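Since this is a predicted model, take the numbers as computed values, not measurements. The chain is numbered in sequence order, starting from 1. One-based numbering, in listed order, for ligands and for the atoms of each. Note that these values count all heavy atoms, side chains included, but never hydrogens, waters or copies made by symmetry.
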Amino acid sequence: MRKILIAGNWKMHKTSQEAVELINGLKRELADIQTVDILVCPPFTNLSEAADIIIDSNIALGAQNCHWEKEGAFTGEVSVPMLKSVRCTYVIAGHSERRKYFAESDEVVNKKIKAIKDAGLKPIFCLGETLEEREENKTFSVIETQLTGGLKDLKQDDLKDLIIAYEPVWAIGTGKTATPQQAEEVHSFIRKLLKEKFSSIVSDGLRILYGGSVKPDNTKDLINKEDIDGALVGGASLKVDSFSQIVKNSLG
Ligand code: 13P
């Protein structure tokens, strides 16, 4: 049985004071929830203070990105050991905004996933097709290429803590959610690939999140699908009410 994970990707939002307000509100609202894993991924600047607030709570902390080297002359970058030192336990890799605006290739995403795993943290590996690719019936081939590239050289044991997030680019920040059927179709395809490339232990155990305009009112229908194990939430994770409601609506 895969435990549902609801993750908030705050992207480039929240000053220090705003972040403290949001995290305190979530801690208050979600204190009783045990059957769903809850994760917040604030910007780098808010990680340390968020960690102090959620210590000993049911909310985990993640980062939105990382560099693959442990340290070095990489101005402006942040390494996985640095993220670990501020008590992050998850790191997102390969978000479509990183791929689009910062030219991240599957090869770079692969290096990041390896670095996250090697440090003992949990990678959230994002993939998804653009609208153009979907309209050209390339969804499955794009997903296969991204999955194969991102997981290159990894073995079954390396995927123990890995999470995949299917985020169709056309559904991100657009208010256009994939229908539960559209999402399920890709999720089950990803699971089939994982079985072929690794094993049924991997494909049965690995959590696959959906991301793209998840809101309180579409959460339940998405989560009810067999291969959808949670959500990676952007816009609706920025307010206490909407994120808390998404978590509550995902309860079985
Ligand atoms: P939205 O929920 O704002 O569409 O963003 C989804 C996303 O990109 C999460 O990583």
Side-chain angles (χ1 to χ4, degrees), residues 4-14 18-19 22 26 36-44 46-47 50 59-66 83 88-102 104 109 112-113 116 121-131 133-134 139 142-143 146-147 150 162-180 182-183 186-187 190 207-223 225 228-250:
I4 296 291
L5 167 64
I6 303 294
N9 173 9
W10 295 8
K11 306 191 180 181
M12 196 173 72
H13 292 281
K14 304 294 175 189
E18 290 164 349
L22 176 54
L26 293 175
V36 169
D37 284 339
I38 306 166
L39 168 68
V40 291
C41 302
F44 292 139
N46 305 135
L47 289 174
I59 302 178
L61 187 66
Q64 299 171 18
N65 183 31
C66 64
L83 297 172
C88 282
T89 48
Y90 294 77
V91 185
I92 297 173
H95 192 281
S96 64
E97 288 150 16
R98 303 287 323 164
R99 294 177 189 262
K100 179 174 173 194
Y101 301 121
F102 304 95
E104 277 189 16
V109 177
K112 292 186 178 191
I113 290 173
I116 299 164
L121 274 61
K122 302 176 172 73
I124 300 183
F125 168 30
C126 300
L127 36 73
E129 82 287 1
T130 62
L131 182 59
E133 289 162 344
R134 175 161 281 262
T139 300
V142 168
I143 297 293
Q146 290 176 342
L147 188 99
L162 186 101
I163 290 154
I164 290 179
Y166 169 56
E167 300 205 308
V169 178
W170 49 272
I172 296 177
T174 58
K176 246 198 246 173
T177 326
T179 63
Q182 282 174 320
V186 178
H187 282 232
I190 294 171
R207 291 187 284 188
I208 308 176
L209 313 182
Y210 167 78
S213 298
V214 174
K215 302 279 180 299
D217 61 4
N218 58 26
T219 304
K220 214 172 204 34
D221 288 343
L222 288 161
I223 299 290
K225 288 290 176 192
I228 303 183
D229 308 311
L232 183 53
V233 186
S237 73
L238 300 174
K239 292 210 168 81
V240 175
D241 288 357
S242 47
F243 191 66
S244 305
Q245 203 53 54
I246 288 172
V247 172
K248 289 174 189 170
N249 290 355
S250 74

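- In terms of polar-atom proximity, Gly173 is counted as a contact of ligand 1, with an N or O under 3.5 Å from an N or O of the ligand.
- In summary, the atoms of ligand 1 found under 4.0 Å from a heavy atom of Leu232, numbered by their order in the structure, are 9 (C), 10 (O).
- The nearest protein atom to atom 6 (C) of ligand 1, hydrogens excluded, is given as Gly234 N, 3.7 Å; this is a heavy-atom distance.
- Looking at Leu232, Ile223, Val214 one by one, the single match for side chain to side chain contact (heavy atoms under 4.5 Å, CB included) with Ile6 turns out to be Ile223.
- Against a heavy-atom cut-off of under 4.0 Å, Glu167 is close to the following atoms of ligand 1: 6 (C), 7 (C), 8 (O), 9 (C), 10 (O).
- Taken from CD1 in Ile113 to SG in Cys66, the straight-line distance is 9.5 Å, to the nearest 0.5 Å.
- Heavy-atom contacts of Asn9 reach the following atoms of ligand 1: 9 (C), 10 (O) (cutoff under 4.0 Å).
- Residue Ile172 touches ligand 1 through backbone and side chain together, judged by heavy-atom distances below 4.0 Å.
- When all heavy atoms are compared, the tightest approach of Ala178 to Leu222 is O-CD2, 4.1 Å.
- Taking every non-hydrogen atom of Gly212 and a distance limit under 4.0 Å, the qualifying atoms of ligand 1 come out as 4 (O), 6 (C).
- Annotation: Lys239, atom NZ; neighbour count of heavy atoms from other residues, nucleotides and ligands within 6.0 Å does not exceed 12.
- Heavy atoms of Ala171 found under 4.0 angstrom from ligand 1 belong exclusively to the backbone.
- Atom CG of Leu22 and atom CG of Leu238 lie 7.0 Å apart (nearest 0.5 Å).
- Protein heavy atom at the shortest distance from atom 5 (O) of ligand 1 is Lys11 NZ, 3.2 Å.
- Gln64 and His95 share no donor-acceptor pair across their side chains, judged by distance under 3.5 Å alone.
- Arg134 places a side-chain heavy atom less than 4.5 Å from the side chain of Val186.
- For ligand 1 and Gly235, the ligand atoms under 4.0 Å from any heavy atom of the residue are 1 (P), 2 (O), 3 (O).
- The atoms of ligand 1 that sit less than 4.0 Å from any heavy atom of Ser213 are 1 (P), 2 (O), 4 (O).
- Taking 4.5 Å as the limit, every side-chain heavy atom of Tyr210 sits out of range of all side-chain heavy atoms of Asn218.
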